[in-house]
There are 2 protein chains.
Amino acid sequence: MGGVVKMSDVAHEAGVSKMTVSNVINGRPGASEETRARVLAAVARLGYQVNATARRLRAGRSGAIGLLVPHLDGPYYAHLAARLDTLARARGHHVIIERTGASRDGEIAAISPERVRPYDGLVFSPVQLDTAEVSGAGIEVPVVLLGERRLAGPFDHVMMDNIGGAVLATTHLIERGSRRIALVGGRPDEGVDSMATLRTRGYRQAHAAAGVPVNERLVVDADSFTTRDGYEAVTRLHQAGVGFDGVFVLTDAAAMGVLRALADLGLRVPDDVQVVGFDNDDEGDYLVPRLTTVDPDNDSMAERIMELLLRRVDEGAPRVGDAVEVVTSARIVVRESTRPRT
Amino acid sequence: MGGVVKMSDVAHEAGVSKMTVSNVINGRPGASEETRARVLAAVARLGYQVNATARRLRAGRSGAIGLLVPHLDGPYYAHLAARLDTLARARGHHVIIERTGASRDGEIAAISPERVRPYDGLVFSPVQLDTAEVSGAGIEVPVVLLGERRLAGPFDHVMMDNIGGAVLATTHLIERGSRRIALVGGRPDEGVDSMATLRTRGYRQAHAAAGVPVNERLVVDADSFTTRDGYEAVTRLHQAGVGFDGVFVLTDAAAMGVLRALADLGLRVPDDVQVVGFDNDDEGDYLVPRLTTVDPDNDSMAERIMELLLRRVDEGAPRVGDAVEVVTSARIVVRESTRPRT
DNA sequence: GTGAAAGCGCTAACAA
DNA sequence: TTGTTAGCGCTTTCAC
């Protein structure tokens, strides 16, 4: 094994120049069918593989796509990351995951020029920053923003239908008989769109459409939407003596905590309280009871994201005023945590 | 923004040569305190950052560590990946995740020379291949094998205490009164050590030590230890009319399915059946009931893995006959799926 | 203590 | 259709 095979070895073996080998390997035109065959044969015989690092140095690109997510604990982002990486690899790139910790400082640091420089492109799922702040960061690579509807900006934007999904969930609860529906993870609408404020808006829209009033005491925050946060939110609500007969939880992870809290409080699901989550994590189908939830169709989101991003990366990223907004559509998955239609 | 700042720009700004800049930046000796300060000032002023790709080309290394895992669906490997990546970055590398799909072919493909070549080192969690097969693959980079005890081989090996953990779990069930303990995910011991056969061995050892006979009909396979597999295994056991008053499930993911199946069958946990899992996934603390499980101490495993691997990578990987074996120790986390001590 | 030369493996641009 | 030259940004070697 006398060292790694390089392009010049192949060139020598095939009796041509490096350049011709390069052309053949990259499928560029301008090589006779016969030369082409000789080169390919030499490549096979020697087991040659291009040195990606050298190619990158030459191209001035790193081949890395940065994925900036709040965390990786739950299945949501882990699954997204796996999916995006598969798609990226199919096109010669790879995904590097960066965790922002869901904090403002973490996000600001993650999009700083030093941190971003190594990447050819960025997929960013902001939870604290808005579009204006992101565009003010001076990012010089193509960016696809993820997961929320914000004011139009210079970035491509792929989002799930947060409002529509929340309307679906809330309407479902109302139709199945709930009238005092707690919103775990709800946020006041301060003009800034976020996952939480959008889903909160859907919750309100559904109430309005059904003519059911919203009791503001039922709208409770859940910090970072972890299982623990869900658990604590419901426990607090109960301790405060606020009665409810339904819960719309902003994420499935938090819904798992809600279910657990309800069990601890001796409340039966769905008999006493109906519960609907959001995300359609695989786990939901194995909870006791199985969780009714909103499926935001993450797989097609991942495809749209990579498609948009790599298009700009491959085209040398002329960031012009043609930012695209894509909204994927949500549907409800009905399981055991809500009652049969009455 | 006239292009990216490079080392020669810094050299020019500081009035020295590229070489001196390189030396200062890499903390190499042989630069006067004054020159050093001038260079650092220029670096700061210009916001210079080394071009990792060029450095890698020069060094003949990619900076990438391959992490070969069966899948990323559950929290186990996702968490491990996040942890390993954090540790790798702290030392100038990064982790690329490759999924083998837990199949023989998937693993063989993942360790083929073409696939491995881009990596400076490999962390491999094999589920089908044994050490002999891995060493026969002709891998030319340092490798740390993960998670199972196999015959001694040329690779560093970090493993959790599968047997000890299984003994802990099974003994716990016996002590709390179970006598017919189903083993979900159990595998016959065919001489090849794997996560499943080792934990199965611990299950048998604990029975022997307590003088409780094992009923072979209670040892059932669970395919790939997913939630679904756990669900189906228990359902099959029940349909076959095999009675049991305890279940040791080989993974928490599968245990979640077991709990769900038990609920569907009308069996109460822990009153009718006690359940113990393995892995200590975060989810376990929110299931209904909360899952008693074995904690294999994954965080210290991750640290040992990266430490061993990067030591060899940094030293130019002279694969000599000094392979290290590290076993981390397990402990049991007692929650609600088992009864209080009688 | 500092710098000039050479080259890592690849490909754009230009010649032949 | 094929080859030559030059250079991506960095660091090893060796000379000063």
Side-chain angles (χ1 to χ4, degrees), chain A residues 2-43 46-64 92-93 114 117-120 314-316, chain B residues 2-40 42-43 46-64 92-93 114 117-120 314 316:
Chain A
V4 174
V5 181
K6 50 194 157 187
M7 194 177 273
S8 58
D9 298 330
V10 176
H12 184 250
E13 173 84 8
V16 297
S17 76
K18 282 195 299 178
M19 212 43 242
T20 301
V21 176
S22 176
N23 285 332
V24 169
I25 282 181
N26 292 287
R28 283 187 282 260
S32 72
E33 212 30 72
E34 196 227 313
T35 311
R36 174 181 198 66
R38 266 216 323 287
V39 170
L40 259 17
V43 165
L46 268 39
Y48 169 75
Q49 283 190 264
V50 295
N51 179 324
T53 305
R55 178 180 278 178
R56 282 170 191 152
L57 176 60
R58 182 64 245 235
R61 306 246 214 84
S62 67
H93 295 76
E114 318 83 87
R117 181 140 341 142
Y119 301 120
D120 294 341
D314 290 344
E315 286 173 0
Chain B
V4 175
V5 181
K6 50 193 157 185
M7 194 177 274
S8 59
D9 298 330
V10 176
H12 185 252
E13 173 84 6
V16 295
S17 76
K18 280 194 302 179
M19 215 39 247
T20 300
V21 176
S22 176
N23 286 332
V24 169
I25 281 181
N26 291 287
R28 284 186 283 260
S32 71
E33 214 25 76
E34 198 228 308
T35 311
R36 180 181 192 65
R38 265 217 325 286
V39 170
L40 259 18
V43 166
L46 269 41
Y48 170 73
Q49 281 189 267
V50 295
N51 178 322
T53 305
R55 177 180 278 178
R56 283 169 190 153
L57 175 60
R58 185 62 246 236
R61 306 248 215 82
S62 67
H93 295 76
E114 319 81 86
R117 182 144 334 145
Y119 301 120
D120 294 341
D314 289 344

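Please read all numbers here as calculations on a predicted model, not as lab measurements. These values consider heavy atoms only, across backbone and side chains, with no hydrogens, waters or symmetry-generated copies.
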message: Roughly what angle, to 10°, lies between the helix axis at the start of the helix from C:dG1-D:dC16 to C:dA16-D:dT1 and the one at its end, five pairs per end?
response: 40°
- request: Check the distance between D:dG9's P and B:Gln49's CD and give it to me in whole angstrom.
  value: 14 Å
task: Applying side chain to side chain contact (heavy atoms under 4.5 Å, CB included), run through B:Arg117 and B:Ser62 and close with a yes or a no.
output: CA-CA 9 Å; B:Arg117 182 144 334 145; B:Ser62 67; over 6 Å; no
message: Mind checking if B:Thr53 touches a base, just sugar-phosphate, or nothing, with heavy atoms under 4.0 Å?
response: nothing
Heavy-atom closest pair, residues A:Val43 and A:Val10: CG2-CG1, 3.8 Å
query: Quick one: is B:Tyr48 getting a side-chain N or O under 4.0 Å of the D:dC10 phosphate, OP1 or OP2?
result: yes
- request: With a 4.0 Å heavy-atom cut-off, tell me which residues in residues 7-22 of chain A come close to DNA chain C, sorted by residue number.
  value: A:Met7, A:Lys18, A:Met19, A:Ser22
message: Pick the closest DNA chain C nucleotide for B:Ser32 and for A:Lys6 by heavy atoms, then say which residue is nearer the 5' end.
response: B:Ser32
- prompt: Rounded to whole angstroms, how far apart are CG on B:Asn23 and P on C:dG3?
  reply: 10 Å
task: Tell me what A:Gly60 touches on the nucleic acid: a base, only sugar-phosphate, or nothing, going by heavy atoms under 4.0 Å.
output: nothing
task: Considering non-hydrogen atoms only, spot the tightest contact between A:Ala42 and A:Glu13 and give its length.
output: CB-CG, 3.6 Å
Between C:dT2 (C1') and B:Arg36 (CZ): distance, integer Å: 15 Å
task: Using whole Å, report how far CG of A:Asn51 lies from C1' of D:dC8.
output: 13 Å
- prompt: In whole angstroms, how far is the C1' atom of D:dC8 from the CZ atom of A:Arg56?
  reply: 15 Å
- prompt: Roughly how far, to the nearest 0.5 Å, is the CZ atom of B:Arg58 from the OG1 atom of B:Thr53?
  reply: 15.5 Å
field: Given A:Thr20, A:Asn23, A:Val24, A:Val16, the one that forms side chain to side chain contact (heavy atoms under 4.5 Å, CB included) with A:Arg36
entry: A:Val24
- prompt: What integer distance in Å separates B:Arg28:CZ from D:dC10:P?
  reply: 12 Å
query: How many angstroms lie between CE in B:Met7 and NZ in B:Lys18, if you round to the nearest 0.5 Å?
result: 8.0 Å
message: Please report the distance, rounded to the nearest Å, between CZ in A:Arg61 and P in C:dA12.
response: 11 Å
query: Hey, is the side chain of A:Arg58 poking within less than 4.0 Å of OP1 or OP2 on D:dG7, counting only N and O atoms?
result: no
- request: Supply the atom-to-atom distance A:Arg55 CZ to A:Leu57 CG, rounded to the nearest 0.5 angstrom.
  value: 13.0 Å
- prompt: Whole Å only: how far is the CG atom of B:Leu57 from the P atom of D:dT11?
  reply: 11 Å
message: Any heavy-atom pair between the side chains of B:Asp314 and B:His93 that's under 4.5 Å?
response: yes
Partners meeting salt bridge (charged side-chain N to carboxylate O under 4.0 Å, His left out) with B:Arg38 (sequence neighbours left out): B:Glu34
